[in-house]
Amino acid sequence: MDKDRFIQVLNILEKEFPKWNAPVVSLMAKRDKRTPFQILISTVISLRTKDEITAKASEKLFELADNPHDMLKLSEEEIARAIYPAGFYRNKAKTIKKISEIMVRDYEGNVPDSLEELLKLPGVGRKTANLVLALSFNKPAICVDTHVHRISNRLGFVKTKTPEETEKELMKKVPQKYWNKINDLFVAFGQTICKPVSPLCSKCPVSEMCEKVGVNKSR
DNA sequence: AAAACGGGGGC
DNA sequence: GCCCCAGTTTT
């Protein structure tokens with residue numbers, strides 16, 4: 001699959017899943033009204049967690065604290081309780097607390113806006129850092145989660161083993177103006193149609209361009 | 001009853 | 001590279 005077809009896929013998916021209105025991407029629904037801190041914390045909560053649950057857990061936590069200073073007033077137990085349904089709650093609570101501490105101590109309560117600084121934060125890897133850059137600071141970034149990794153490979157656009165390889169390949173092959181659309185569209189697409197197991201190829205709007213129609217497993 | 005879930009860290 | 005975190009939803 002060449003570059004033009006990949007972009008064609010993005011365009012088709014964009015019609016299928018209009019911006020801010022994707023069927024299940026509720027984490028994104030209010031993101032333009034969220035502060036960078038809220039987006040960062042939501043993204044931490046979202047690790048290995050569906051976005052509807054993420055959205056609910058985030059709202060509950062933000063009722064208690066929506067900035068790093070207030071967050072530090074909460075105990076780990078209180079944070080864990082608020083985000084409990086999202087899973088990995090103890091790890092995430094610790095991470096949220098540490099991040100808040102670092103923001104207050106080193107960044108005057110702000111979220112750093114460079115990839116290097118974000119990656120230094122505990123619990124923040126490439127996926128999280130890139131998503132924060134894209135959503136909080138409107139910077140071009142390709143956020144490669146399991147959906148982006150899987151779908152890019154299924155389409156045959158890349159042949160990679162790790163998300164990091166996928167990120168590099170996509171950055172090479174896709175013009176920058178499309179970078180921020182990829183994650184949005186592939187997550188919506190991946191959760192509803194191009195699912196990891198038993199994808200709904202018969203309902204897929206881009207099956208004609210897919211090299212793996214009828215696959216039954218992840219890649 | 002299993003497997004899967006918008007990863008990341010520790011080893 | 002492997003294993004852990006974890007409850008809820010889906011198959």
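In this text the structure is predicted, and so the values were computed from the model without any measurement. Lettering follows sequence order; numbering is per chain, from 1.
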Per the side chain to side chain contact (heavy atoms under 4.5 Å, CB included) rule, which among T95(A), L61(A), T35(A), D66(A) passes with I41(A)?
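Going through the options one by one, the only one that passes is L61(A).
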Which part of the nucleic acid, if any, lies within reach of [X] when heavy atoms closer than 4.0 Å are counted: base, sugar-phosphate only, or nothing?
| X | value |
| --- | --- |
| Y84(A) | sugar-phosphate |
| T95(A) | nothing |
| P163(A) | nothing |
| V148(A) | nothing |

Starting at atom [atom1] of [X], determine the distance to atom [atom2] of [N], rounded to an integer number of angstrom.
| X | N | atom1 | atom2 | value |
| --- | --- | --- | --- | --- |
| I45(A) | dC5(C) | CD1 | C1' | 16 Å |
| I53(A) | dA4(B) | CD1 | P | 17 Å |
| R48(A) | dA4(B) | CZ | C1' | 7 Å |
| I83(A) | dT8(C) | CD1 | P | 14 Å |
| H147(A) | dA4(B) | NE2 | P | 13 Å |
| L47(A) | dA4(B) | CG | P | 19 Å |
| K92(A) | dT8(C) | NZ | C1' | 12 Å |
| L200(A) | dT10(C) | CG | P | 14 Å |

Is any side-chain N or O of [X] closer than 4.0 Å to OP1 or OP2 of [N]?
| X | N | answer |
| --- | --- | --- |
| T128(A) | dG8(B) | yes |
| R90(A) | dA6(C) | yes |
| T146(A) | dG7(B) | yes |
| K195(A) | dT11(C) | yes |

Pairwise P distance for dG10(B) and dA6(C), with rounding to whole Å:
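Taking atom P in both dG10(B) and dA6(C), they lie 14 Å apart.
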dA1(B) and dC5(C), which share atom name P, separated by this distance in whole Å:
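Looking at atom P only, dC5(C) and dA1(B) are 22 Å apart.
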When you get a sec, tell me which of [options] is the closest nucleotide to the side chain of [X]?
| X | options | value |
| --- | --- | --- |
| F88(A) | dT10(C), dC5(C), dA4(B) | dC5(C) |
| Y89(A) | dA6(C), dG7(B), dT10(C) | dA6(C) |
| K50(A) | dG8(B), dC5(C), dC5(B) | dC5(B) |
| P196(A) | dG7(B), dA4(B), dC5(C) | dA4(B) |

Other residues, nucleotides and ligands only: do more than 12 of their heavy atoms fall within 6.0 Å of CG on N138(A)?
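It does not: N138(A) CG has 12 such atoms or fewer within range.
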Within 6.0 Å of NZ in K173(A), more than 12 heavy atoms from elsewhere:
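More than 12 heavy atoms, drawn from other residues, nucleotides or ligands, come within 6.0 Å of this atom.
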Of L119(A) and D145(A), the one whose closest nucleotide on DNA chain B sits nearer the 5' end is D145(A)
Between Y89(A) and Y84(A), how do the two ring planes meet: parallel, tilted or perpendicular, split at 30° and 60°?
tilted
Does the side chain of N180(A) reach to within under 4.5 Å of the side chain of C143(A), using non-hydrogen atoms?
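N180(A) does not reach C143(A) side chain to side chain.
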Would the distance check show the side chain of K56(A) and the main-chain N or O of P85(A) forming a donor-acceptor pair, the cut-off being under 3.5 Å?
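No, the answer is negative, given that no donor and acceptor are paired below the 3.5 Å cut-off.
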